[in-house]
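Sequence lines set the chain letters: A, B, ... in the order given, protein chains first and strands last, and positions in each chain run from 1.
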Protein chains: 2
Amino acid sequence: MASHGARGRSGGRPTLEEVAARAGVGRGTVSRVINGSPRVSDATRAAVEAAVAELGYVPNTAARALAANRTDAIALVVPEPETRFFAEPYFSDMLKGVGAELSDTEMQLLLIFAGSDRERRRLAQYLAAHRVDGVLLVSVHADDPLPDLLAQLEIPAVISGPRSAAETLPSVDSDNYGGARSAVEHLLARGCRHVAHITGRLDVYGAQRRVDGYRHALLDAGHEVDERLIEPGDFTEDGGRRAMTELLARRPDLDAVFAGSDVMAGGARQVLREEGRRIPDDVALVGYDDSAIARHMDPPLTSVRQPIEEMGRRMIDLLLTEIADRRPAVSRGLERRQMVLATELVERASS
Amino acid sequence: MASHGARGRSGGRPTLEEVAARAGVGRGTVSRVINGSPRVSDATRAAVEAAVAELGYVPNTAARALAANRTDAIALVVPEPETRFFAEPYFSDMLKGVGAELSDTEMQLLLIFAGSDRERRRLAQYLAAHRVDGVLLVSVHADDPLPDLLAQLEIPAVISGPRSAAETLPSVDSDNYGGARSAVEHLLARGCRHVAHITGRLDVYGAQRRVDGYRHALLDAGHEVDERLIEPGDFTEDGGRRAMTELLARRPDLDAVFAGSDVMAGGARQVLREEGRRIPDDVALVGYDDSAIARHMDPPLTSVRQPIEEMGRRMIDLLLTEIADRRPAVSRGLERRQMVLATELVERASS
DNA sequence: ATCACGAGTGGGAGCGCTCCCACGGTACCT
DNA sequence: AGGTACCGTGGGAGCGCTCCCACTCGTGAT
C-alpha cells in the first residue's frame, strides 16, 4: 500500500462514483437506483443496473451507515448464559422465526448473549455506540435494567413477554392466561378433582398469568382454590422435583398436576414415579411449552404449545415498524404495539 | 430534523472533534489515545481520557470502518441448517471457546447460517461487501465452494477440520487418527478380539483419519484388518443402526464396536440390545465426541473427547494473526498455520 | 554554540456514501 | 405566449473517523 489515498485504487472494489461514470450518470442517480427510489426513469435505471452488474458493484456498508446514520442491523439480546440458550428449544424456535422474517430484508441479525456481568457491560458499550438500529429482547426479568437503558439511548426495542401488565415497550406474548386455563379445563374435563399447580418463577409476568389462568379455570368450574395445591417452582427440573415432593406431602390425595413448564413437569414425573404414582391413572400431568422433552417423556406429556416461531416473526414486524416510525417525530401512542398470540393444548398420554 | 447538516448537532453523540476541543488538543491526539498509541505523553493522555469520560464519548464504528477500511467483526459461518446447529453440542462448545477468546477483544462475532441455497447467496453477498474482517469455517465438506470464494475475495479464514491432507487454509483440528487409535487400543487391551468400526461420512476428512487410526491400531497390535468389520455410517443414529445390523449379519462373532460418533453408537446400541447382546459383556462399545448422549446412555458410553472449546479458541488466535498479517504483503508460507489438538479417551461402563 | 534527531503534536485530505438543493426540460394550464 | 407545475437529474456538502505529513520542541552529540 503505497499511500493512504491509493488504498482503494486500481483493483479495489468499485465505488458508487465509478458506477456512475460507467453508466454515464451522476452519483445521485446511482444512489437512487441502488436504494430503489421511484424517481428514476426506466431507461436510466436499466443503464445503472447494467453498470452495477458489469462492475460487480456492492455498496460499502460503512460509508452508507456513516452517511445515513443507520446500521441495517438489529440485535437479538439473550440475557442468559449461552448454555441455557442452547438447552432451551424456546430460543432456537425464536431464532428460526426471527431469521425467517428477516430473510427478505437487508437487515442483519446479531445474536448477543448478556448472561454474565462482563457480557452486559460489553452490551451496554455496544448499544451506546448505536451499532444496531433496534433490539429484540427475549426472556427479560421484571427488574432487568436493560429496557430502561434502551429507552434512554432511544433505541427501538421489542420485548417478548412483557415485564408486567403495565409494560411500556412494544411486546409480543403468548396467551399465558388462556394456555393455563385450557390445561386446567382439560384436566377437570377428564374428571380430576384435585388439580395442583407448580408455578414458574413468579417474578416472570408470564408465570403469574399462568397462575391466574389456573385459578380462574377452577373458580369458573365451581371449584374452590386450595392454596396448598399451589407450589412455586423456578422453571428448573430440580425445582419441579422439590415442588412435587412438597405438594404430595401437603395433599397426598391430589390427582392432577399442571406444571408451569415441561422441564418442571419432568422433575415432577420423577418424584411421582418414585412415590409409586402411575401417570396418568393415579395422577394426570400437564406441562407447558410443548418442548422436545414433552414428546420424549415416558409417558409422552400433554403440554401447552406456544407459537414461538410466530412470536419471533411478529417481533420483527413490530421492530421494523418501530424503526421506520422514528422519522416522524411524534409516535402514535401504544395502539397495536402489544400483541398476544393464542396457545394450543397438545394432548398426549400423560393426562 | 431541520437540515442534513444539523443532524448530529446539539444533544447528539459527541464526536472526536468535540472531545479534542474539550481536552484542548487536536483530533489526531484524541485518535491516538482512543486507539492506544504509545506516542502520547501521560499528561495529554490523562486529559483526553477525562474529556472522554465527561462527554461519554463512544467512537462511531461506521466512521472508523470507513476511514480505516476494517470492520472489527468476524463471522462464524455454519454451513448447516440451524436445526443441526442447536442439536449438536459441537457447535455450542465451539461457540463458547470462540466467545471466550474474543471477549477481551474489540471484535464482534457474527453467527451466520448457510444451510439453504438462499442463505448461501446471502452469505456470498455479505462477504462480497467485505462486512467482516475474517471468517471462521466449521464443519465444511470436501466439495464446498466457500473456501474458494473466501480465497478469491482475499478474506482471511480459518477452517476447523481440514478438507483433506492438502488443506491450504489455516486450520485447527483434533487428532482424529490418534483418537481412533486410543479407542481401539483400549478395546484390545480389554481383551476384545474382533473389533468392528462404524465410520462417519467418508467425504469428511476427519472420518477417514479415524478409519486410518482404527486400521493402524489393529495392525500395530499384530491383528489383521478384516474389511467385513468396517461399515460406513453417516453420523446419524439411523445410519448407526443400519451399520450395526449389517456388521452383526457379517460377523456375528464380533465382540467390540468402535463407532465414529456418539450418535451412531446410540443407534448401534439399540440394535445390539434388540439382538440380545449385553453391553459391555458380550459387545463392548466406544463412541466419539463425548457428547451429552454418551453420559446419558445406558450404560454410559466410553467415548473419545475432542477439545472443542479449545479448538474454538485456537481458531480465533489463528484468525486474528491472519488478519493482522495482511498488512505486510508477503505471507510467510504455511508454517504453524495448521494445528492439531490431542484427544482424550473417557472411559465409562460401555467398554 | 550548532546540529541532528526523535518524541509529541496539530490538522489536511480522504474514505464512499446519502441528502438535499438547484437546474433543465416537458406538460399542462390560463 | 407566458406562467406554473412537476419530473428526472447532477453534484456540493457533509457524516466522523484514520492516516500521514509537517511542525515544534527538548535532548544529547559535536
Side-chain angles (χ1 to χ4, degrees), chain A residues 1-10 12-48 52 55 57-72 106 129-131 327, chain B residues 1-10 12-48 52 55 57-72 106 129-131 327:
Chain A
M1 186 179 316
S3 90
H4 179 68
R7 202 200 296 142
R9 287 269 47 71
S10 71
R13 296 166 52 198
T15 68
L16 234 209
E17 189 107 38
E18 287 165 18
V19 174
R22 174 86 172 206
V25 300
R27 276 198 341 277
T29 303
V30 177
S31 178
R32 261 165 244 136
V33 172
I34 299 293
N35 294 292
S37 157
R39 333 198 113 274
V40 180
S41 72
D42 289 347
T44 309
R45 162 167 290 114
V48 171
V52 166
L55 261 33
Y57 171 74
V58 181
N60 180 319
T61 330
R64 171 177 289 176
L66 178 59
N69 198 30
R70 63 193 162 87
T71 65
D72 289 326
E106 292 287 78
H130 283 267
R131 293 185 61 171
R327 317 198 125 254
Chain B
M1 184 179 316
S3 91
H4 180 67
R7 199 200 300 141
R9 287 270 45 72
S10 70
R13 296 168 51 199
T15 69
L16 235 207
E17 188 107 38
E18 288 165 18
V19 174
R22 173 87 173 206
V25 301
R27 278 198 337 279
T29 302
V30 177
S31 178
R32 260 164 243 135
V33 172
I34 299 292
N35 294 294
S37 158
R39 332 200 114 274
V40 179
S41 71
D42 289 346
T44 310
R45 162 167 289 114
V48 171
V52 165
L55 262 33
Y57 171 74
V58 181
N60 179 320
T61 332
R64 172 178 287 177
L66 178 59
N69 199 27
R70 62 194 162 87
T71 65
D72 290 325
E106 293 287 77
H130 284 267
R131 293 185 60 172
R327 315 197 126 255

| Side-chain (B/R13) to main-chain (B/V58) donor-acceptor, under 3.5 angstrom | yes

| said: Given the structure, check if the side chain of B/R27 and the base of C/dG12 hold any donor-acceptor pair shorter than 3.5 Å. | reply: yes

| request: Specify the angle, to 10°, made by the local axes at the two ends of the helix from C/dA1-D/dT30 to C/dT30-D/dA1 when five pairs are taken at each end. | output: 40°

| task | Kindly say if B/T29 contacts the phosphate of C/dT9, meaning a side-chain N or O under 4.0 Å from OP1 or OP2. | result | no

| Closest non-hydrogen atom pair between B/V40 and B/R32, with its separation | CG2-CB, 3.6 Å

| task | Measure the spacing between CG of B/N60 and CG of A/N69 and express it to the nearest 0.5 Å. | result | 7.5 Å

| note | From CD1 of B/I34 across to P of D/dC19 the rounded distance in Å is 14 Å

| field | Separation of D/dC15 C1' from B/R13 CZ (nearest whole Å) | value | 12 Å

| said: Nearest whole Å is fine: how far is C/dG16 C1' from B/H130 NE2? | reply: 15 Å

Heteroatom pairs (N/O) under 3.5 angstrom, protein to nucleotides 5-8 of chain C:
unit_1: C/dA7; atom_1: OP2; unit_2: B/R39; atom_2: NH2; d: 3.2

| remark: Rounded to the nearest 0.5 angstrom, the CZ-OG1 distance for A/R131 and A/T71 is 9.5 Å

| Between atom CZ in A/R45 and atom C1' in D/dT9, what is the gap in whole Å? | 13 Å

| To the nearest angstrom, how far is A/E18 atom CD from C/dC15 atom P? | 10 Å

| Under 4.0 Å: is that the gap between some side-chain N or O of A/N69 and OP1 or OP2 of C/dT18? | no

| remark: Among D/dG10, C/dG14, C/dG16, the one nearest any side-chain atom of A/A63 is C/dG16

| said: How many whole angstroms separate atom CG of A/N35 from atom C1' of D/dT9? | reply: 16 Å

| field | Spatial distance of atom CZ (A/R27) from atom CD (A/E18) [nearest 0.5 Å] | value | 12.5 Å

| Which heavy atom in B/L16 sits nearest to a heavy atom in B/Y57, and how many Å separate them? | N-CE1, 3.5 Å

| query | Whole Å only: how far is the CG atom of A/L66 from the P atom of C/dC15? | reply | 13 Å

| note | Output for pair (B/L66 CG, A/T61 OG1), nearest 0.5 Å, gives 10.5 Å

| said: Using a heavy-atom cut-off of 4.0 Å across all strands, would you classify B/R64 as base, sugar-phosphate, or nothing? | reply: sugar-phosphate

| query | Hey, what do you get for CD1 (B/I34) to CZ (B/R64), rounding to the nearest 0.5 Å? | reply | 7.5 Å

| remark: Nearest-nucleotide check on DNA chain C, B/V25 vs A/L16; residue mapping nearer the 5' end is B/V25

| Atom-pair distance (CD on B/E106; P on D/dC17), nearest Å | 14 Å

| field | Residues which pass side chain to side chain donor-acceptor pair (under 3.5 Å) with B/R22, listed by chain and number, not counting sequence neighbours | value | B/E54

